[in-house]
Amino acid sequence: MTPETDPVYQITDYTCTSCGRTFSLGIWTPPEPPNPEPLLTCPHCKQTAVLTDPAEKRTIEEYFRLRKAVNLILHTRTREHHQRTDPP
């Protein structure tokens, strides 16, 4: 074996496309990643998780954080509207 062909222990990050949770897997891999990259299932919600680099992971996490904040605002405003328009 040579350094070019020796397996490498690599930790890869995956992010769920449904719930935004991330998880890491450590595996022994050949020097070059498989093509195409594998799709995995999120251990939390069982939906598709994709391979992500650190910047992509932060972007997806921020998206889910903002989506949750927007939904909370919409829910609050809708509830307030119904409280004002519902007869006592």
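On a predicted model such as this, the values are computed, not experimentally measured, just so you know. Computation of the quantities below employed the complete heavy-atom set of this structure, encompassing side-chain atoms and omitting hydrogens, waters and symmetry-equivalent molecules.
The shortest side-chain heavy-atom distance between C16 and C45 falls under the 4.5 Å cut-off. Under the 4.5 Å side-chain criterion, counting only non-hydrogen atoms from C-beta, T22 is in contact with E61. For the pair V50 and T48, the minimum side-chain heavy-atom distance is below 4.5 Å.
In this view, R77 and E80 satisfy the side chain to side chain donor-acceptor pair (under 3.5 Å) rule, not counting sequence neighbours. Here R67 pairs with nothing under the side chain to side chain donor-acceptor pair (under 3.5 Å) rule; sequence neighbours left out. Shown here are the side chain to side chain contact (heavy atoms under 4.5 Å, CB included) partners of F23, two or more places apart in sequence or in another chain: Y14, L25, L40, P43, A49.
In this structure, C42 SG and Q47 CD are separated by 8.0 Å, a value rounded to the nearest 0.5 Å. Atom CZ of R58 and atom OG1 of T15 lie 11.0 Å apart (nearest 0.5 Å). With rounding to the nearest 0.5 angstrom, the OG1 atom of T17 is 7.0 Å from the CZ atom of F64. Distance check: N71 CG to L66 CG gives 11.0 Å after rounding to the nearest 0.5 Å.
Side-chain atoms of S24 and D13 include a donor-acceptor pair closer than 3.5 Å.
Among H81, H75, H82, the single residue meeting the side chain to side chain contact (heavy atoms under 4.5 Å, CB included) criterion with T78 is H82.
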